[in-house]
Amino acid sequence: MYVLIINAGSSSVKFTLFKKDDLKVVADGIVERIGLKGTKILTKNAEGKWTSKETRVADTRQAVGLIADLLTDKNGSDVQPRVDIAGIGHRVVHGGEMINSSVLVDDRVKQLVKECFELAPLHNPPNLEGIEACEDIFPGVPQVAVFDTAFHTTLPEYA
């Protein structure tokens with residue numbers, strides 16, 4: 001079983017796939033320049049070998065689909081069927097004052113992320129798009145969102 005980490009940004013999606021039992025990283029990479037000319041997917045396998053491939057990717061949803069296809073390719077991946085993904089973690093930039101810890105993603109959490117679009121307009125919309133793409137691509141797989149702002153709630157008021 002594997003855990004997939006997704007970090008969707010304004011023009012890229014970073015990902016890491018690791019084995020759930022021993023936390024060994026199986027694949028790592030980035031789809032960069034999403035929606036722009038010269039989009040690339042860079043991947044690093046478990047042995048540390050990097051590969052680069054130019055492609056056309058219109059949006060975050062398509063980037064996540066490309067990553068899923070790459071990671072579940074029967075010819076070149078440890079992960080065979082998509083059911084091998086036991087969980088998905090998402091880095092989300094801003095949860096406002098409403099979310100101050102890691103949370104299991106549900107409709108309420110997605111709505112709160114949407115309400116925080118104004119606080120992080122370049123990142124929260126792609127973060128939500130990545131979450132929704134994973135729901136479609138990996139139906140029924142639990143997803144957790146980790147918010148950057150969760151780590152700043154313990155600062156003293158003067159800071």
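Predicted model, so just to flag it, every value in this text is computed and none were measured. For reference, positions follow the sequence shown, starting with 1.
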Is there a donor-acceptor pair under 3.5 Å between the side chain of R108 and the backbone N or O of L112? no
### Message
With a 3.5 Å distance limit and no angle check, can you tell me whether T39 reaches the backbone of R33 through a side-chain donor-acceptor pair?
### Response
yes
Quick note, side-chain hydrogen bond (donor to acceptor under 3.5 Å, both in side chains) partners involving residues 119-128, not counting sequence neighbours, are none
Give the minimum heavy-atom separation between [X] and [Y], together with the two atoms involved.
{"X": "F147", "Y": "S101", "result": "CD1-O, 3.8 Å"}
{"X": "F18", "Y": "V25", "result": "CB-CA, 3.9 Å"}
{"X": "A63", "Y": "V31", "result": "CB-CG1, 4.0 Å"}
{"X": "H90", "Y": "C134", "result": "CE1-SG, 3.7 Å"}
{"X": "A8", "Y": "T60", "result": "CB-CG2, 3.9 Å"}

When hydrophobic residues are tied together by side-chain contacts of less than 4.5 Å, even through go-betweens, does I5 share a cluster with V64? no
Quiz item: Among the clusters formed by ILVMFWY side chains lying less than 4.5 Å apart, do V3 and I131 turn up in the same one?
Solution: no
Sorted by chain and residue number, the side chain to side chain donor-acceptor pair (under 3.5 Å) partners of T51 (sequence neighbours excluded) come out as T43
Side chain to side chain contact (heavy atoms under 4.5 Å, CB included) with Q143: of I88, D106, V109, only one passes, and it is I88
Out of curiosity, [X] [atom1] to [Y] [atom2], how far, rounded to the nearest 0.5 Å?
{"X": "I85", "Y": "L17", "atom1": "CD1", "atom2": "CG", "answer": "5.0 Å"}
{"X": "D84", "Y": "M1", "atom1": "CG", "atom2": "CE", "answer": "6.5 Å"}
{"X": "I34", "Y": "K40", "atom1": "CD1", "atom2": "NZ", "answer": "14.5 Å"}
{"X": "L71", "Y": "Y2", "atom1": "CG", "atom2": "OH", "answer": "10.5 Å"}
{"X": "K53", "Y": "I41", "atom1": "NZ", "atom2": "CD1", "answer": "8.0 Å"}
{"X": "T16", "Y": "D28", "atom1": "OG1", "atom2": "CG", "answer": "3.5 Å"}

For K14, the salt bridge (Lys or Arg N to Asp or Glu O under 4.0 Å) test, sequence neighbours excluded, returns none
Apart from L42 itself, its cluster of hydrophobic side chains linked below 4.5 Å comprises I30, W50
In short, salt bridge (Lys or Arg N to Asp or Glu O under 4.0 Å) pairs touching residues 127-143 with sequence neighbours left out are R61-D136, K110-E135
How about CG on D21, more than 12 heavy atoms from neighbouring residues, nucleotides or ligands closer than 6.0 Å, or not?
yes
Residues at least two apart in sequence or cross-chain that pass side chain to side chain contact (heavy atoms under 4.5 Å, CB included) with L104, listed by chain then number, are P142, V144
